[in-house]
There are 2 protein chains.
Amino acid sequence: MDEPRRLSQVEMRAWQGFLVASSLMSRRVEQQLKSDEGLSHPQYEVLVRLSATPDGELRMTELADAVLTSKSGLTYQITQLEKAGLVRRRDCPTDVRGTFAVLTEEGRRALHDAAPGHVSLVRELFIDALAPEQVALLADALETVGQRLRGDDPSPSGPPAR
Amino acid sequence: MDEPRRLSQVEMRAWQGFLVASSLMSRRVEQQLKSDEGLSHPQYEVLVRLSATPDGELRMTELADAVLTSKSGLTYQITQLEKAGLVRRRDCPTDVRGTFAVLTEEGRRALHDAAPGHVSLVRELFIDALAPEQVALLADALETVGQRLRGDDPSPSGPPAR
DNA sequence: ACATATCAATTCGAATTTGAACAATCAGGG
DNA sequence: CCCTGATTGTTCAAATTCGAATTGATATGT
């Protein structure tokens with residue numbers, strides 16, 4: 001029916017910029033965390049999420065959702081983190097199927113050690129590259145995009161067509 | 001020496017938003033291209049880059065740089081695309097070491113077929129989620145970040161410290 | 001011409017990711 | 001109580017990624 005409109009020049013710049021920034025940023029963060037504390041970015045994210053809860057624990061599925069990975073992907077990462085002693089598994093008392101991932105003391109320390117370098121890098125490459133107003137605008141824009149991507153969106157594609 | 005400043009609330013929102021948008025967007029695009037035309041996103045990017053040249057060909061290293069992947073990663077993808085008949089390799093006449101990746105007619109058609117759906121998706125999830133001014137601001141901000149990430153940057157981290 | 005450093009592309013192994021299939025369990029309605 | 005359908009986490013195979021090492025070839029300086 002409708003031929004999709006090509007992207008305008010600005011639109012193209014925005015999209016390309018997004019792809020480039022995503023790609024390069026991701027690699028930089030990955031390298032830094034790895035050489036700094038031996039963590040992958042996904043693993044770092046897991047530790048962050050766990051440490052943000054009162055008990056330092058979260059159900060596998062919740063955690064998978066939080067860090068935007070597949071369930072099988074999380075299973076793998078938790079296994080890795082368990083080997084490293086940064087996280088342990090705990091059976092859920094009320095649901096035999098369930099499993100908690102629990103942050104260990106060592107995990108807390110690893111996160112504590114890794115965080116400063118990580119934050120510095122994010123600052124250096126991302127935040128400090130921009131003027132404060134730009135940061136604010138980015139925050140708004142990217143959150144809006146995120147909402148649409150998540151589906152919690154007031155108007156996924158305009159008012160219902162018919 | 002210097003304790004890195006924690007991220008402020010906006011800074012956090014911007015960074016988190018960036019991570020979330022990157023992650024979700026990437027998966028959506030991947031799925032769409034795959035189910036639509038059987039291409040991965042990296043493969044699509046390769047085709048785009050090749051089609052943008054006059055002769056539809058590019059040296060392996062140049063192409064790797066253009067699509068922001070490692071040389072070995074590109075070798076792999078070109079092999080895949082060659083199997084699919086969308087690209088072929090051509091030895092460089094002036095440098096025995098060199099190889100060109102050349103877009104085939106079939107490759108051109110595949111790109112032509114895949115492009116509309118891809119553009120629609122990008123529009124739907126990214127561009128159309130935002131007001132035109134937001135798109136323009138995003139373009140500027142992300143390009144700035146990209147420059148810093150690439151290293152072509154007027155002030156990587158302030159004036160030389162000593 | 002020659003030694004040395006750089007470069008192009010590939011190969012290799014290790015790590016990681018995803019979706020599908022699976023096994024076990026839970027929840028709700030009749 | 002029991003049946004059906006959803007949920008939980010894991011396992012598995014396939015695909016992909018990266019970096020280090022490799023093989024040749026090219027460029028540079030003397």
Which atom of A:Leu130 lies closest to which atom of A:Val135, heavy atoms considered
CB-CG2, 3.9 Å
Of all the nucleotides listed (C:dT25, D:dG9, D:dT17), which has the minimum atom distance to the side chain of A:Met60?
D:dG9
Any donor-acceptor pair under 3.5 Å joining the side chain of B:Arg97 to the base of D:dT26?
no
Whole-Å distance between C:dA9 P and B:Arg90 CZ?
12 Å
Check whether any side-chain nitrogen or oxygen of A:Gln77 sits under 4.0 Å from OP1 or OP2 of C:dA15, and answer yes or no.
no
By the 4.0 Å heavy-atom rule, please label A:Gly98 as base, sugar-phosphate, or nothing.
sugar-phosphate
Checking D:dG9, D:dT16, C:dA9 against the side chain of A:Thr99 (C-beta onward), the nearest is D:dG9
May I ask you to say what A:Gln31 touches in the nucleic acid, namely base, sugar-phosphate or nothing, with a heavy-atom cut-off under 4.0 Å?
sugar-phosphate
Would one find a side-chain N or O of B:Lys34 under 4.0 angstrom from OP1 or OP2 of D:dT16?
yes
Please determine if A:Arg123 and B:Glu11 form a salt bridge, counting it only when a charged side-chain N lies under 4.0 Å from a carboxylate O.
yes
Salt bridge between B:Asp128 and A:Arg148, side-chain N to carboxylate O under 4.0 Å?
no
Closest to the side chain of B:Asp95, out of D:dT17, C:dA9, D:dT26, is D:dT26
Could you tell me how far apart A:Leu24 (CG) and D:dC18 (P) are, to the nearest whole angstrom?
11 Å
Nucleotide C:dT16, atom P - distance to CG of A:Leu81 in whole Å
10 Å
Can you tell me the distance, in whole Å, between the OH atom of B:Tyr76 and the C1' atom of C:dT10?
15 Å
Note: for A:Ser72 and B:Ser72 on DNA chain C, the residue whose nearest nucleotide lies more 5' is B:Ser72
Closest of C:dA9, D:dT8, C:dT18 to the B:Arg59 side chain is C:dA9
Closest-nucleotide 5' rank along DNA chain C - winner of A:Ser40 and B:Phe100:
B:Phe100
Nucleotide C:dA23, atom P - distance to NZ of A:Lys71 in whole Å
15 Å
Using a 4.0 Å heavy-atom cut-off, does A:Glu30 contact any base of the nucleic acid, only the sugar-phosphate backbone, or nothing at all?
nothing
State which of D:dG9, C:dC26, D:dG19 makes the closest approach to the side chain of A:Arg89.
D:dG9
Over 60° means perpendicular and under 30° means parallel, so classify the ring planes of B:Phe18 and A:Phe18, tilted if in between.
perpendicular
Options C:dT17, C:dT18, D:dT8, nucleotide nearest the side-chain atoms of A:Ser70
C:dT18
Just checking, is any N or O donor in the side chain of A:Thr79 or A:Arg89 under 3.5 Å from an acceptor N or O on the other one?
yes
Could you state the CZ-C1' distance from A:Arg27 to C:dT16, rounded to the nearest angstrom?
15 Å
Let me know the distance between CG of A:Asp65 and C1' of D:dT7, rounded to the nearest Å.
12 Å
Nearest whole angstrom, please: distance from the C1' of C:dT17 to the CD of A:Gln80.
12 Å
Can you find a heavy atom in the side chain of A:Glu37 that is under 4.5 Å from one in the side chain of A:Leu111?
no
